[in-house]
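Read the structure below first, then the notes.
What you see is a predicted model, and the numbers here were worked out from it, not measured in a lab. Each ligand, and each atom within it, is numbered from 1 in the order the structure gives. Sequential numbering from 1 along the given sequence is applied to the chain's residues.
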Amino acid sequence: MTDVPYEEWRARAAGLVPHTGHHVDGEFTGTGSTPVSSPRDGKTIAHIASAGRSEVDAAVAAARRAFDTGPWPRLAPAERKAALLRWAGLIERDRSTIALLISLEMGKPISEALGIELRAVINCIRWYAEAADKQLDESPRTGGSSLALVTREPVGVVAAVVPWNFPLTMAAWKIAPALAAGCTAVLKPAEESPLSALHLAALSAEAGLPPGVFNVVNGPGEVAGRALGEHPSVDVLAFTGSTEVGRHFLRYAADSNLKRVWLELGGKSPNIILPDAPDLDAAADTAAWGIFFNAGEMCTAPSRLLVHRSIASRVVDRVVARAEALRTGDPLDPSTEMGPLVSLPHHARVMSHIQAAKSDGARLRTGATVDGRHIAPTVFDQVKPGMRIARDEVFGPVLAVLEFDGVDEAITLANDTDYGLAAAVWTSDLSTAHRVSRSLRAGTVWVNCYEEGDMSVPFGGVKQSGHGRDKSLHALDKYTDLKTTWIEL
Ligand code: NAD
């Protein structure tokens with residue numbers, strides 16, 4: 001939450017002067033010509049520079065130089081830790097400004113930008129900073145006449161291409177472990193949310209990260225994202241975004257230097273509520289919170305509620321009541337719980353999913369109304385597995401409710417998707433909890449909760465939700481190579 005009143009946030013927004021260039025080699029370059037508009041009201045909040053191939057080349061060259069000849073990979077890990085901690089401290093100092101930039105550029109309620117996203121970003125950078133000097137290499141026992149060293153070497157230049165829904169958290173999950181491991185990085189934010197990333201870049205220079213260690217280029221995905229994906233000097237491409245664009249990155253890698261590609265993609269996560277849930281009201285409230293949080297613009301959103309027929313009407317009535325009680329409004333108003341959708345094209349996409357649900361025969365229980373740039377929290381029940389609303393990722397505040405009669409049927413329904421990012425089951429029975437969670441094909445399964453997590457646990461998907469893991473010590477594997485040095489004594 002925030003103690004700063006609505007008026008004050010609006011005044012601060014009016015006085016903001018965001019960075020607008022690319023951040024390359026520790027400096028801002030390029031002139032701002034591409035408008036960035038706020039989903040609050042459609043007004044232009046800045047003009048930013050937009051990268052073509054040559055600007056991307058310059059950013060990658062800076063990262064390459066910083067890796068090949070600069071100090072960063074050669075520093076003692078404790079020195080990298082100190083620099084990253086300074087960076088996190090500056091982000092904390094500027095957290096209100098950065099939260100405001102996020103709220104303005106992508107419509108997240110200010111209280112969540114501040115209380116959830118900024119906290120997550122600062123925590124993530126500190127966590128990997130602290131991990132930097134606590135990694136050990138190996139020396140296997142190969143016999144008396146030899147010494148084998150197995151060391152973790154930074155992979156080199158990491159490019160990160162990220163979406164707008166959690167613009168800095170998604171970036172931090174990649175950049176923090178990459179830099180902690182000794183890599184250098186180029187970040188390309190989404191077109192909708194470049195301003196918060198540029199502020200982070202400015203603070204990296206102020207924190208004393210050497211030039212070229214952290215670069216930011218902005219531009220359209222098909223141009224700047226693609227140029228990074230195809231770049232021969234990028235060693236690893238870490239992507240979060242849609243499954244469709246994830247496929248492109250695998251092609252770019254295949255057609256260029258076979259760079260490693262890590263993919264965090266879309267989802268259509270099932271949330272199974274069984275009649276023996278420890279608290280049915282809590283299960284219903286969490287189901288509603290989960291799908292409407294961040295206006296449903298969540299890769300892990302529990303967008304398919306699978307509820308046992310015997311309790312369906314009680315649970316769904318409560319979800320509908322929660323939906324109708326949510327306060328939608330201006331993201332700069334601290335009392336707003338749901339902001340506008342990120343853009344008018346995205347708004348139109350979500351509305352077309354709602355239209356498809358109606359024409360496929362799902363029953364609209366609430367929502368689907370449009371209020372300016374918002375979409376009211378929407379619930380469809382009587383959804384059948386073949387309907388588009390049961391299969392397609394909507395990425396908006398739209399819940400599909402499917403009913404089942406037995407646990408095995410619930411598992412079959414839950415796994416009947418191309419995605420495998422997250423899932424949940426609500427039950428009081430320990431055996432059922434284990435059996436169902438083992439049977440669900442998902443990177444994360446929550447039992448009697450949703451969206452719980454910690455930096456120490458990995459996050460990522462299976463199937464067409466991607467591969468590789470963000471967060472936790474396991475993420476360091478993505479940005480390091482094992483090197484064997486064999487010494488005859
Ligand atoms: P998107 O795939 O359209 O864009 C993501 C990024 O890719 C942006 O920076 C964009 O500029 C870039 N891009 C777009 N087209 C490109 C191309 N042809 N070549 C190279 N780069 C390109 O996704 P979005 O609309 O920004 O975000 C929504 C999607 O992200 C949803 O599918 C959501 O599930 C997914 N997501 C996944 C996770 C996760 O951790 N699994 C987290 C957040 C969002």
Could you tell me whether Asn165 approaches ligand 1 through its side chain, its backbone, both or neither, with non-hydrogen atoms closer than 4.0 Å?
-> side chain

Looking at atom 27 (O) of ligand 1, what's its closest protein heavy atom, distance included?
-> Pro163 CB, 3.3 Å

Closest protein heavy atom to atom 11 (O) of ligand 1, given as residue, atom name and distance to 0.1 Å = Glu191 OE1, 2.6 Å

Any side-chain heavy atom of Leu476 within less than 4.5 Å of one from Gln135?
-> yes

Do we get Lys358 above Phe380's six-membered ring, with its NZ or CZ under 6.0 Å from the centre and within 45° of the axis?
-> no

Ligand 1 atoms in contact with Thr240 (distance to a heavy atom under 4.0 Å) | 5 (C), 36 (N), 37 (C), 38 (C), 39 (C), 40 (O), 42 (C), 43 (C), 44 (C)

What residue and atom, counting heavy atoms only, is the protein's closest point to atom 28 (C) of ligand 1, and at what distance?
-> Phe395 CE2, 3.5 Å

Contact with ligand 1 for Tyr252, non-hydrogen, under 4.0 angstrom | yes

Is the number of heavy atoms from other residues, nucleotides or ligands within 6.0 Å of NZ (Lys134) greater than 12?
-> yes

among protein heavy atoms, the one nearest atom 15 (N) of ligand 1 is Val245 CG2, 3.5 Å

Looking at atom 24 (P) of ligand 1, what's its closest protein heavy atom, distance included?
-> Trp164 NE1, 3.5 Å

Between Glu393 and ligand 1, which residue portion shows a heavy-atom distance shorter than 4.0 Å: side chain, backbone, both, or neither?
-> side chain

Working to the nearest 0.5 Å, report the span between CH2 of Trp87 and CZ of Phe214.
-> 4.5 Å

Are side-chain heavy atoms of Asp235 and Val158 found at a separation under 4.5 Å?
-> no

With rounding to the nearest 0.5 Å, note down the distance linking CG in Asp333 to CH2 in Trp9.
-> 12.0 Å

With no hydrogens and no angle check, is any side-chain donor or acceptor of Glu192 less than 3.5 Å from a backbone partner on Ser343?
-> no

Looking only at protein heavy atoms, identify the closest one to atom 2 (O) of ligand 1 and say how far it is in Å.
-> Ser242 OG, 2.6 Å

Check: Thr417 and Arg441 side chains under 4.5 Å, non-hydrogen atoms | no

Within reach of ligand 1, part of Val162 (heavy-atom separation under 4.0 Å) = backbone

Do the non-hydrogen side-chain atoms of Leu237 and Arg260 ever get within less than 4.5 Å of each other?
-> no

Atom 7 (O) of ligand 1 [closest protein heavy-atom partner, distance rounded to 0.1 Å] | Phe239 CE1, 3.3 Å

Sub-4.0 Å heavy-atom contact, Phe459 with ligand 1 | yes

Check: Met170 N/O within less than 3.5 Å of ligand 1 N/O | no

Could you tell me whether some N/O pair between Phe249 and ligand 1 is separated by less than 3.5 angstrom?
-> no

Which is it for Glu297 and ligand 1 at heavy atoms under 4.0 Å: side chain, backbone, both or neither?
-> neither

What atoms of ligand 1 come within less than 4.0 Å of a heavy atom belonging to Leu421?
-> 41 (N)

Charged N to carboxylate O under 4.0 angstrom, Asp25 versus Arg65?
-> yes

Determine, counting only non-hydrogen atoms of the protein, whether one lies under 4.0 angstrom from atom 9 (O) of ligand 1.
-> yes

Could you see which bit of Pro189 sits under 4.0 Å from ligand 1, with heavy atoms only: side chain, backbone, both or neither?
-> backbone

Is there a side-chain contact between Leu198 and Leu101, using heavy atoms and a 4.5 Å cut-off?
-> no

Residue pair Leu341 / Glu297, side-chain heavy-atom distance below 4.5 Å = yes

Do Glu105 and Ser38 come within less than 4.5 Å of each other through their side chains, counting heavy atoms only?
-> no

In this structure, atom 39 (C) of ligand 1 is nearest to the protein heavy atom Cys299 SG, 3.3 Å

For ligand 1, does His248 get within less than 4.0 Å through its side chain, its backbone, both, or neither, judged by non-hydrogen atoms?
-> side chain

Any side-chain donor-acceptor pair under 3.5 Å between Lys174 and Thr240?
-> yes

Val161 neighbourhood, listing ligand 1 atoms whose heavy-atom distance to it stays under 4.0 Å = 6 (C), 7 (O), 9 (O), 12 (C)

Min heavy-atom dist Gly246 to ligand 1 below 4.0 Å | no

